[in-house]
Amino acid sequence: VTTHTHSEEDWTEYLTQSLRAPLVVRYGRSRRLPLQLRRALKGSREPAQLRLHGGVFESPTDEVLALVGTWVAAVMQGQSPQPETRTRIRSWIDEQLQHIPATRREPKIEVEGRAHDLNALADRVVSSSFEGQFGAALTRPLVTWGRRGKSRSRRSLRMGSYQSNQDLIRIHSVLDQTAVPEWFVRFILFHEFLHAALPSQRDEAGRKRHHTPEFRRREREHPDYQRSSDWEKIHIRALIRSASLDRPMR
Ligand SMILES: [Zn+2]
């Protein structure tokens, strides 16, 4: 059996040629979802994105290359891949994962919250704004509340973040209180899901741009964009205070 070392670019080139469709391959480290396809957003010039576990897929055999090609072709056409294709890919993944130690501890996931149920909100965000983008609900990024307790920052607040290697969205736990409207939490989630859907790009100077013009345009199109920015402006000081004291907002 021959294997070749494949970079993200090699995979991109191979799949783009064999599928004759634009596609970008990105390596990640998700053991939970080592193979995921993100279809292109409607009306977007961004290509579809295939996320592969870098350790599992960096030395594919010819058979694995072909299997992944078949799998992607089916999923891109909205079909479910043949059971045989799935099984053979699955056994390759399981085999490879055995040799890859789970170095990082799996992130702690906390979704229930005191005031807001993050999973329910995330499902709503995905079904209303990312139709088809993340495939079945199971393959969307995971969401979790951030660490509880007093925050050290007195000047700013990072309300959400998207960690692409873990495919994980974290929402600041200060938003988990009844004084924060549900639609505001949904908007913050929407912003982070948009990061998962539209990967960052490099500008001419080689800097990574997370908020590309397309990102900003899509954000502004969200029906809650205006009231969310207004709500944030009015309440940001109270939120920062609430986070640093670890007490409810007043
Ligand atoms: Zn952002």
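Just so you know, ligand 1 is whichever comes first in the structure, and atom 1 is the first atom listed for that ligand.
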With a cut-off of 3.5 Å and sequence neighbours excluded, list every side-chain donor-acceptor pair involving residues 179-190.
from, atom 1, to, atom 2, distance (Å)
E182, OE2, R124, NH1, 3.3
E182, OE2, R186, NH1, 3.0

- Residues R227 and D230 bridged, charged N to O under 4.0 Å: no

- Checking ring-ring contact (aromatic ring centres under 6.0 Å, His included) for the pair H195/F215: CA distance, chi angles, key distance, verdict? CA-CA 8 Å; H195 279 302; F215 186 102; 4.4 Å; yes

- Near the Zn ion (ligand 1), which protein N/O/S atoms fall under 2.8 Å? H191 NE2, H195 NE2, H211 NE2

- Message: My understanding is that only residues two or more places apart in sequence, or in another chain, count here; which of them pass side-chain hydrogen bond (donor to acceptor under 3.5 Å, both in side chains) with Q98?
- Response: none

- Query: With sequence neighbours left out, which residue pairs that include part of residues 65-92 fulfil the salt bridge (Lys or Arg N to Asp or Glu O under 4.0 Å) condition?
  - Reply: E63-R88, E84-R88, R90-D94

- Query: With under 30° as parallel and over 60° as perpendicular, where do the rings of W11 and H6 fit, or are they tilted in between?
  - Reply: perpendicular

